[in-house]
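Quick caveat, the model's predicted, so the values are computed rather than measured. Only heavy atoms go into these numbers, but all of them, side chains included; no hydrogens, no water, no symmetry mates.
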Amino acid sequence: MEQRSTSKSTDKRGRAAAASGRGRTSAVGTAAGGSRSDDPIVGVVGAPHGVGGEVKVHPRTDIADRFSKGSRLLCDGMGELVVASVRGPADVPIVRFDGLNTRNDAERIRGRNLRVSRAEARRAAKDAYLWADLLGLRAETPEGKSLGTVSEVLRAGETDVLVVRAEGSRDELMFPAIASVVREVDIAGGRIVVVPQEVLG
C-alpha cells in the first residue's frame, strides 16, 4: 500500500493500507471513476471542514508530500481530483480539491478512498516494494519448508508484520518485517524466505 515495508529485505517503510482496513488489498477490478480497485489507497476522505468544500483526509501513506497542492489523486466513484489547498496537521490534513467549493460538494466525497496508480506508487517508493507486492507470496524457511502464503501486511508500531496463513487453515503465523526474519523477497519467483522467531531464539 505507499505500502512499503520496514525491512531492508522487503522495502523501506510503509504506512499505507491497500484497502480501507490496514494491510488488506481489495480484489482486482475497476472502481467507478476509472481507478482500479487494486490501486493503492493513499487516503480516506473524512468529514467536511467548514462550508468551503474542505475535507479532513485520513492518510494511508508515508509519502510526505502526497497531499500537497497540485497533487492528482483518484477518488473512488469520482475520477481524478486535484488538490487545490492543504493545511492543518500532517496526520489529518484539511484538503480542498479543485471544483469542490461547498459543504455539499465535500459531503459527496465523504468516506471515499483516495488512490494513486500502481505506477505512481512505485515511482514514489523508488526502490521499495509495495505492500501489495507481498500479498500472495509463498512463505518458506531457508531450508525450503512451506509455511503458507502472505495473506495480510499489518502495521504494528514502527514495524510491518507479515501475516502468513497455511492453505486450508485458519491458523496464522506472524513475522516482523525485519532483516533478521525476512531473509529474501523474490517477487518474480512468488516467494519470500523467512526465519521463524523460535529459530532465531
Side-chain angles (χ1 to χ4, degrees), residues 1-6 11-126 128-135 152-161:
M1 286 176 203
E2 272 53 35
Q3 298 194 323
R4 297 177 295 171
S5 164
T6 53
D11 347 315
K12 293 183 179 176
R13 301 186 55 166
R15 296 173 188 260
S20 55
R22 285 186 179 271
R24 301 174 185 234
T25 55
S26 53
V28 175
T30 302
S35 63
R36 287 172 55 88
S37 60
D38 65 336
D39 283 339
I41 292 173
V42 298
V44 178
V45 179
H49 185 85
V51 297
E54 291 181 316
V55 293
K56 294 180 179 180
V57 171
H58 302 281
R60 299 289 187 269
T61 177
D62 62 351
I63 305 300
D65 61 350
R66 177 56 71 203
F67 302 104
S68 60
K69 183 177 180 179
S71 294
R72 296 177 180 273
L73 304 169
L74 301 173
C75 179
D76 286 0
M78 298 292 291
E80 185 178 79
L81 296 178
V82 179
V83 176
S85 65
V86 60
R87 61 190 180 89
D91 57 339
V92 186
I94 297 169
V95 177
R96 187 176 65 79
F97 295 101
D98 282 345
L100 304 182
N101 301 312
T102 69
R103 188 176 182 87
N104 285 341
D105 290 337
E107 284 287 0
R108 285 195 297 125
I109 61 172
R110 184 174 188 167
R112 296 179 187 265
N113 295 324
L114 299 171
R115 305 175 187 262
V116 294
S117 68
R118 188 73 68 91
E120 163 58 21
R122 292 189 192 285
R123 183 201 66 76
K126 298 180 180 177
Y129 300 118
L130 304 178
W131 275 7
D133 293 332
L134 306 179
L135 298 178
E152 292 183 66
V153 184
L154 304 176
R155 189 71 180 175
E158 289 300 309
T159 303
D160 297 337
V161 175

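For N104, there are no side chain to side chain donor-acceptor pair (under 3.5 Å) partners two or more places apart in sequence or in a different chain. By the side-chain contact (heavy atoms from CB on, under 4.5 Å) test, D98 is found to be paired with V82, A84, residues two or more places apart in sequence or in another chain being considered. Among residues two or more places apart in sequence or in another chain, the side-chain contact (heavy atoms from CB on, under 4.5 Å) test is passed with V51 by none. Residues meeting the side-chain contact (heavy atoms from CB on, under 4.5 Å) test with R112, sequence neighbours left out: C75, M78, I109. Under the side-chain contact (heavy atoms from CB on, under 4.5 Å) criterion, R87 pairs with H49, E54, I94, sequence neighbours left out. In this structure R108 satisfies the side chain to side chain donor-acceptor pair (under 3.5 Å) test with no other residue, sequence neighbours excluded. With sequence neighbours excluded, the residues that form a side chain to side chain donor-acceptor pair (under 3.5 Å) with S68 are S71. Contacts of R103 classified as salt bridge (charged side-chain N to carboxylate O under 4.0 Å, His left out), with partners at least two apart in sequence or in another chain: none. Qualifying side chain to side chain donor-acceptor pair (under 3.5 Å) partners for S117, counting only residues two or more places apart in sequence or in other chains: none.
In this structure, G52 and R96 approach most closely via the heavy-atom pair O-CD, 3.4 Å. For the residue pair V44 and G111, the shortest heavy atom distance occurs at CG1-O, 4.1 Å. Across A124 and R66, no two heavy atoms sit closer than the pair CB-NH2, 3.5 Å. Closest approach of K69 and V86 over heavy atoms only: N-CG1, 4.2 Å. Taking all atoms of both residues into account, the shortest heavy-atom contact from V42 to T61 is O-CG2, 3.4 Å. In terms of heavy-atom proximity, P59 sits nearest to A90 at CG-O, 3.7 Å.
Rounding to the nearest 0.5 angstrom, the gap separating the CZ atom in R115 from the CG atom in L73 is 12.0 Å. Atom CG of N113 sits about 12.0 Å away from atom NE2 of H58, to the nearest 0.5 Å.
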